[in-house]
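All remarks here apply to the structure that follows.
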There are 2 protein chains.
Amino acid sequence: MARTPPRPPRDAAPAPRAGKAVTIRDVAKVAGVSPITVSRALNNPELVTPDTLERVRAVVARTGYVPNFLAGSLRSRRSRVIAAVFPQITNSMFADAIQAFTDRLRAEGYEVLLGLSSYEQREDELIAGILGRRPEGIYLTGINHSPQTRRRLIASHIPVVEAWDLTPTPIDMLVGFSHEKAGAAMARHLLAKGHRRIGLVWGKDPRAGVRRRGIEEALAEAGIDAVPASLEPPPGKFQFGREGFADLLRRGERVSAVACSSDPLAQGVVAEAQQRGLRIPEDLAVIGFGDFDFAAHTSPSLTTIAIEKARIGQLAAEALIARIEGREVAERVVDVGFRLVEREST
Amino acid sequence: MARTPPRPPRDAAPAPRAGKAVTIRDVAKVAGVSPITVSRALNNPELVTPDTLERVRAVVARTGYVPNFLAGSLRSRRSRVIAAVFPQITNSMFADAIQAFTDRLRAEGYEVLLGLSSYEQREDELIAGILGRRPEGIYLTGINHSPQTRRRLIASHIPVVEAWDLTPTPIDMLVGFSHEKAGAAMARHLLAKGHRRIGLVWGKDPRAGVRRRGIEEALAEAGIDAVPASLEPPPGKFQFGREGFADLLRRGERVSAVACSSDPLAQGVVAEAQQRGLRIPEDLAVIGFGDFDFAAHTSPSLTTIAIEKARIGQLAAEALIARIEGREVAERVVDVGFRLVEREST
DNA sequence: GCCGGAAATGATACCGATACCATTTCCGGA
DNA sequence: TCCGGAAATGGTATCGGTATCATTTCCGGC
């Protein structure tokens, strides 16, 4: 019984001891160099003889060594992690931005820590947890943050990009556009089409609120003060659009046009109106927001506001990278603007 | 000139020394306890006197101490990070799963590291980078992984959930459904509606490929061997649906029904067909896949295959949590199934 | 063959928390 | 009052890398 334990079946090679993970010291020992040389071979191969490099790489491959970035990050103070906080990603315009942001950062060797704050007050807690992971940069959606969060972010001394909104006083950097102007553009478009009785089916998130103000101010300038609205909780689902329009009708609001805070809501309004026998745009004009992918391919196609979503993500990523690399960012506030796309629904 | 530098404008409170971050030792010193007691106050408050707890918390608040989880994770071997790898999130069904997955994990105090592999061979490299961060669990989309990646994951000894597909031999755990059966269900639906000339507008991702096989086999059983297809690169954009259908027509394929690998493609086909004066479903039946939010709200509404996307994310999260907490998972393979939803387009 | 500086490698300390075990404090019961 | 065990707290070592500085090796030019 008291025999030496049988060696594992396969792997005649220096079998990684079960349970104990391979460390840089193990690799160093097998390769006959010091740990720091292994570190250099992996991170700065140009500092190492081709011969040494090859030897180290061979041992790494053979042992299945996986460097522990937690340890490395702790010492070097470089986590190569960037955090991104979004309210949500279902049915939202943020997916494109996340994709572009992540792709850009991956190309530079960063990993992305994703936080979803659900439009609630969870942002504080979420960001506290994130900061503990020592990201090298943070992307935030929107500019409405609690004083505590602002303080924490400033104290952290890491680059911060706020996105999707506009303010002359960002925490650090910003990539976005004016929701007030976007709202005004929607209003003016409907006014130009001759509409005077305009209803809103609108999401309850903060940026949508600003767009609504933009609409109402533009309408007020045209002498229109009553703007009936049906408010829906995020996310902007098609179903909520249907219900919102039904709600307006139920309340007896007689509107010739409906503006929506997002395309899914707008398409929901279209669907509900069509079901009730209304012709679009003759009986009812509908305008959305976001230029979602489907907007150009429904029947009728949807007039909307287009945002360069992916560009926001990409610019935000680049701003963070620039800062991390010590380059000064010329424009701390970038306005990517928006574009009204007129289609068949208005 | 040689005056002491002016103290920072505000903050009469014990100003954190610029540059040097507050550590647990600083907090301990100010609170008059040992570092380990601070650690306990923050992580296991029940181990500490209410009095001590309050004192520590006060100091933490005053100094703005942010625990360094890199250090803690290194020592405790618990990163409280879970990684999730998706091919992409734009125009995809994964957004709902990510949302549910992330929400569930946040509730348990985990942060999510998001990897987007872009359907390319980047998965290997991506996962290597991720493993270095020592996540406590990994969510993977799909079951097609390189041998190297499989080996690495197994060697890492962390719980793995594969999702969106089905196999009796997952790396560890799995939550998904049978794409083969889903494809067959689509085919049978069209057959039942009397269609014999069926075309495909189809995405090129691996799981779509399996669904296609399911369709073709079911059609073959019905004696239909020629199934013209137009293949489109991911992501499944509406525009690609239009082009795909145009492509079929250009090639002279006369079809009475088109099956698509995703709803956006299907809606693109619908749009293109409508534009060419075809009535749906009389002249052309169209079936999609995924039951995207818009599918029920377009005109005509879209017949499709519904997946409980959020449930996949949630179950995957729960499986990982269970494993991490040492509970045995009864069902290592969970089939969430699918449901054909018949609407107006077929 | 010798010299000097660059290239390659190594020794040591350290990042900031927590595991582990030891010590002190506290409190009810004999 | 004393005792014993639980509760609270602390000392020290350690996780696994890399920064820093020191040392050794290498090589061309004189």
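Since this is a predicted model, take the numbers as computed values, not measurements. Throughout, protein chains are lettered first and strands after them, A, B, ... in sequence-line order, and every chain is numbered starting at 1.
- Toward the 5' end of DNA chain D, the nearer of the two residues B:Leu47 and A:Val38, judged by each one's closest nucleotide, is B:Leu47.
- In this model, the phosphate group of C:dT18 is not approached by any side-chain N or O of B:Ser76 to a distance below 4.0 Å at OP1 or OP2.
- Between B:Arg106 and B:Glu111 there is a salt bridge, since a side-chain N of the basic residue sits under 4.0 Å from a carboxylate O of the acidic one.
- A distance-only check finds no donor-acceptor pair linking the side chain of A:Asp165 to the backbone of A:Gly142 [under 3.5 Å].
- Side-chain proximity of B:Ile36 to the nucleotides D:dT9, D:dG10, D:dA19 is greatest for D:dG10.
- Between A:Arg78 atom CZ and D:dG16 atom P the separation is 23 Å, expressed in whole Å.
- A donor N or O paired with an acceptor N or O is not found under 3.5 Å between the base of C:dG16 and the side-chain atoms of A:Arg77.
- Between the side chain of A:Arg75 and the base of C:dC14 there is at least one donor-acceptor pair of N/O atoms closer than 3.5 Å.
- Checking D:dG10, C:dA17, C:dA19 against every side-chain atom of B:Asn68, the shortest atom distance belongs to C:dA17.
- At most 12 non-hydrogen atoms from other residues, nucleotides or ligands lie less than 6.0 angstrom from CD of B:Glu54.
- Across the protein-nucleic acid pair, A:Leu53 atom CG and C:dT9 atom C1' stand 14 Å apart, rounded to whole Å.
- Within the nucleic acid shown, B:Thr52 comes within 4.0 Å of sugar-phosphate atoms alone, with no base atom in reach, counting heavy atoms only.
- Partner B:Tyr139 forms a ring-ring contact (aromatic ring centres under 6.0 Å, His included) with one of B:Trp164, B:Phe94, B:Phe101, B:Tyr110 and no other, that one being B:Phe101.
- Each of B:Ala71 and B:Thr49 was assigned the nucleotide of DNA chain D with the nearest heavy atom; the assignment lying further toward the 5' end belongs to B:Thr49.
- The distance between atom CD of A:Glu54 and atom C1' of C:dA8, rounded to the nearest whole Å, is 17 Å.
- Looking at the side chain of A:Arg40, the nearest of the listed nucleotides D:dG11, C:dT9, D:dC15 is C:dT9.
- The interatomic distance linking A:Leu70 (CG) with C:dT18 (P) rounds to 13 Å, in whole Å.
- Partner of B:His145 under the side chain to side chain donor-acceptor pair (under 3.5 Å) criterion, chosen from B:Glu123, B:Arg152, B:Arg150: B:Glu123.
- Regarding A:Asp26, its CG atom lies at a distance of 11 Å from the C1' atom of D:dG16, rounded to whole Å.
- The shortest distance between the side-chain N/O atoms of B:Tyr65 and the OP1/OP2 oxygens of C:dA17 is below 4.0 Å.
- Straight-line distance from the CZ atom of B:Arg80 to the P atom of C:dA17: 17 Å, rounded to whole Å.
- Nucleotide D:dT12 holds its P atom 17 Å from the CD1 atom of B:Ile24, rounded to whole Å.
- When rounded to the nearest whole Å, the span between CG of A:Leu74 and P of D:dC15 equals 14 Å.
- Distances shown here put a side-chain N or O of A:Thr37 below 4.0 Å from the OP1 or OP2 atom of C:dG10.
- Nearest-nucleotide assignment on DNA chain C puts the 5′-proximal partner with A:Arg25, out of A:Arg25 and B:Pro35.
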